[in-house]
K.L.:
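Let me begin by handing over the structure; questions about it come next.
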There are 2 protein chains.
Amino acid sequence: MRTTLPEAFPAHTPAVPQIFTIVLSHGPVTRAEIARRAGVSPAAVTKAVRPLIEAGYLVEEAGEDLPPALGRPANALRVDGGRALFIGVKVTGDSAIAVLTDLRCRIRVTRRASLDDRSPDGVLATTGELVTELLVEAEGFGVQVRGIGFAVSGDVVRTDGTVRYSPFLDWRDVPLGERAAAATGLPVTVENDVRALTVAEQWFGAGAGLTDFALVTVGAGIGCGLVVGGRVVSGAHGVAGEIGHLSIDPTGPPCHCGNRGCVEAIASDPAIVREVRARTGIHVADAAEALALARGGDTAARQVYARAGEAIGRAIGSLVNLLGPERVIISGEGLAAHDLFADRIQDAFTVSAFGTAARCEVSTHPLPFEAWARGAAATAIQSFIGSDSRSGGSGWR
Amino acid sequence: MRTTLPEAFPAHTPAVPQIFTIVLSHGPVTRAEIARRAGVSPAAVTKAVRPLIEAGYLVEEAGEDLPPALGRPANALRVDGGRALFIGVKVTGDSAIAVLTDLRCRIRVTRRASLDDRSPDGVLATTGELVTELLVEAEGFGVQVRGIGFAVSGDVVRTDGTVRYSPFLDWRDVPLGERAAAATGLPVTVENDVRALTVAEQWFGAGAGLTDFALVTVGAGIGCGLVVGGRVVSGAHGVAGEIGHLSIDPTGPPCHCGNRGCVEAIASDPAIVREVRARTGIHVADAAEALALARGGDTAARQVYARAGEAIGRAIGSLVNLLGPERVIISGEGLAAHDLFADRIQDAFTVSAFGTAARCEVSTHPLPFEAWARGAAATAIQSFIGSDSRSGGSGWR
DNA sequence: CTTCTTTCATTGACAACAGAAAAGAATGAA
DNA sequence: TTCATTCTTTTCTGTTGTCAATGAAAGAAG
């Protein structure tokens with residue numbers, strides 16, 4: 001027996017997605033504050049939030065305000081995360097991870113599976129099982145799952161749910177969204193993995209409330225999500241943020257892209273492993289072993305990490321010079337080596353950043369691997385509340 | 001005797017600035033086409049456009065359509081540039097240039113003056129004279145000047161018309177807009193020079209109709225204006241596009257910014273002069289002499305230009321990898337040496353650009369020096385038609 | 001203990017805007 | 001001549017959000 005489900009999201013006035021997003025990312029917030037942030041009248045806020053409160057998506061926060069305030073005390077609003085569930089799926093080259101989140105993108109359940117068959121059929125079969133399991137879990141919460149998001153690395157067309165090209169999966173023009181929607185009967189969003197993670201950070205994470213920031217992910221590859229003027233950058237051809245192929249040193253090691261000295265050819269896990277082997281003569285098997293060697297005090301190995309940090313710092317310097325963001329968030333599995341290169345990143349950045357750009361704050365923000373799947377869920381939430389159509393607006397010309 | 005002046009711009013419906021901008025940058029265009037581009041109904045276009053036609057800002061283009069069309073022939077609209085005039089002023093370290101343009105940003109009159117006194121008072125005096133002369137010229141057209149734009153290099157706060165810091169002028173926190181408005185009684189806009197030029201290109205130039213492009217200016221410095229998602233990028237702290245301080249080579253020549261191998265330390269006019277002197281032993285006085293030497297066949301000098309081209313190309317590659325624009329437009333006085341480094345720019349870009357980013361078209365687009373002042377006028381036009389408030393919109397969070 | 005001030009929230013009237021649908025206009029095709 | 005097609009306009013209608021006034025809930029001031 002399942003409790004009654006709330007109706008579709010009552011986004012019947014255009015300002016609703018904006019207002020809801022403000023409440024979502026700015027915690028409990030008063031109507032007056034919402035009105036100021038959104039640049040609309042308080043009356044408009046009152047009218048917009050009423051249906052949301054009635055539908056249960058927003059609740060009034062009792063008491064706990066900033067006590068010493070003049071005038072009538074404000075009633076803060078917050079999102080009741082429990083009124084809707086979402087599923088986010090991250091697909092890598094050899095595994096899939098899926099999370100069940102609430103409307104506030106808090107992870108409730110996590111499921112993983114290894115991926116033997118990378119073909120579209122194989123991936124759909126594996127992720128389909130994960131999704132089914134999570135849908136069963138969801139029944140325990142008595143709340144319906146309102147959307148599924150997929151995060152895939154590569155060239156993804158969000159608007160039509162197509163994976164144009166994914167090197168890791170060796171996919172070309174796969175209508176993932178369409179197929180997954182057909183299989184599950186639920187709304188499906190498909191987004192590039194880094195952009196999905198960026199959306200999650202923009203709304204719920206270290207980028208909350210910022211209009212200009214960058215998220216740099218360090219690990220098997222070096223990726224980057226950009227938020228400029230409050231909007232996630234997709235580029236004219238759907239590809240952007242390729243910070244991994246910024247060439248830092250024209251005499252640096254060759255990169256698989258054909259250029260030399262790319263950050264990815266210096267600071268990605270494979271590059272580090274390769275370089276540690278070359279410099280120490282020790283055949284480390286993977287990034288973990290290379291890291292252990294460096295932690296053990298091997299000077300040559302430590303130098304490899306130092307060099308990686310410098311490359312990342314310089315690349316971030318370039319990014320900051322170009323875009324002038326307020327913050328750069330470094331994340332990814334590669335942060336395991338944080339202690340070995342964090343200082344180098346900061347130093348190289350400080351040297352590279354020009355003028356006021358140096359005001360940009362560069363910080364590391366470790367994220368568990370589920371965060372990638374959480375990012376996928378965030379895109380599903382975005383779509384559910386009707387925010388994606390708007391924020392993707394043309395900004396005309 | 002002066003003809004009757006049109007009233008203030010009738011932007012009484014929110015869609016007017018957008019629609020007017022479309023007509024402005026897409027030449028004669030039919031209402032149906034406007035509706036498609038703007039994403040509004042044809043009815044809305046009809047209604048929005050009528051007051052503009054009545055006020056004389058738009059006129060119906062007779063006949064000359066694309067002849068072989070089915071159905072009722074369309075009536076194209078175009079902007080009547082002659083119905084309003086604007087003044088654009090570009091201030092450099094040693095001179096000021098001012099242009100009188102029409103509403104379509106076509107230059108009608110140009111005036112220059114050398115700048116002996118760079119203090120705010122001195123600049124206001126000199127530019128004030130230029131503006132006065134142009135206002136006199138404007139009377140000959142029988143049309144009122146509706147706004148003045150200033151373009152200044154450095155950190156400029158457009159919203160309040162303040163020059164926060166301009167190294168060339170040695171200004172800090174100068175309320176240029178306020179003072180100029182008080183002196184002239186006209187609306188004044190103040191914008192960073194590269195961003196102003198970018199606006200002009202976005203509306204009237206090589207970037208017309210593109211949502212993602214970059215304008216790279218080569219000359220005494222290396223600058224860059226960015227348009228991402230249809231909006232000019234200003235960065236969180238008002239500074240962006242510092243492509244000149246992208247470091248291309250960690251072992252390159254030192255730059256005044258403290259880093260090494262910046263594009264500006266390799267490819268700016270002063271850097272080229274310095275390097276040509278060092279390599280040839282010939283004491284060339286300025287960029288023109290260095291250029292003459294290279295054109296004369298001096299191998300060492302030619303290599304300096306080749307290296308400059310490579311640096312620019314690599315920097316553009318970085319930019320394109322990060323932002324994925326549709327086009328990069330190279331301009332500036334430095335293009336005088338176009339024949340000496342254009343190939344190198346293209347080659348270096350092709351090597352640096354990753355994947356689909358390489359689809360980006362890199363083209364040179366020589367602009368006369370007045371173009372900088374024209375950019376300033378473009379910002380005045382933008383402000384006049386009420387487009388700046390909108391396009392600078394928050395895109396929330 | 002009242003009264004004032006301040007801020008937040010709500011209400012109802014109102015104006016503006018955009019969309020839908022239908023009609024009209026102007027052409028080529030059948 | 002009639003039809004099909006496309007562009008443009010008109011009228012109507014519903015939605016949105018602002019305005020201005022009002023109420024609510026506190027602290028501050030006398």
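In what follows, chains carry the letters A, B, and so on, assigned in the order in which the sequence lines appear, proteins first and then strands, with residues in each chain numbered from 1. Note that this is a predicted model, so its numbers are computed, not measured. Keep in mind that the numbers below use all heavy atoms, side chains included, and drop hydrogens, waters and symmetry copies.
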K.L.:
Can a donor-acceptor pair be found, under 3.5 Å and without considering hydrogens, that links the side chain of A:T162 to the backbone of A:R164?
P.N.:
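Side chain of A:T162 to backbone of A:R164: no pair is present.
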
K.L.:
If you look only at pairs with a residue in residues 8-32 of chain A, which of them pass as a salt bridge (Lys or Arg N to Asp or Glu O under 4.0 Å), with sequence neighbours excluded?
P.N.:
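As it turns out, the salt bridge (Lys or Arg N to Asp or Glu O under 4.0 Å) pairs with a partner in residues 8-32 of chain A, which skip direct neighbours, are A:R31-A:E60.
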
K.L.:
Please list, chain by chain and in numerical order, all residues satisfying salt bridge (charged side-chain N to carboxylate O under 4.0 Å, His left out) with A:R359, sequence neighbours excluded.
P.N.:
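Result, salt bridge (charged side-chain N to carboxylate O under 4.0 Å, His left out) vs A:R359: none returned.
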
K.L.:
To the closest 0.5 Å, what do you measure between CD (B:E326) and CG (B:D212)?
P.N.:
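One gets 7.5 Å once the value is rounded to the nearest 0.5 Å.
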
K.L.:
Heavy atoms under 4.0 Å is the rule here; annotate nucleotides 6-15 of chain C 5' to 3' with B where the base is hit, S where only the sugar-phosphate is, and - elsewhere.
P.N.:
BBBSBBBB--

K.L.:
Report the residues that fulfil ring pair (Phe, Tyr, Trp, His ring centres under 6.0 Å) with A:F20, sequence neighbours left out, ordered by chain and then residue number.
P.N.:
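In terms of ring pair (Phe, Tyr, Trp, His ring centres under 6.0 Å), with neighbours along the sequence ignored, A:F20 is linked to A:F9.
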
K.L.:
Extract, from 5' to 3' on DNA chain D, the first and final nucleotides lying under 4.0 angstrom from some heavy atom of chain B.
P.N.:
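Counting from the 5' end, contacts occupy D:dT5 to D:dC12.
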
K.L.:
So, using salt bridge (charged side-chain N to carboxylate O under 4.0 Å, His left out) as the criterion, who are the partners of A:E178 when residues are at least two apart?
P.N.:
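Counting only residues at least two positions away or on another chain, A:E178 forms no salt bridge (charged side-chain N to carboxylate O under 4.0 Å, His left out).
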
K.L.:
So A:T198 and A:L226, do their side chains get closer than 4.5 Å, heavy atoms only?
P.N.:
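Answer no - side chains too far apart.
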
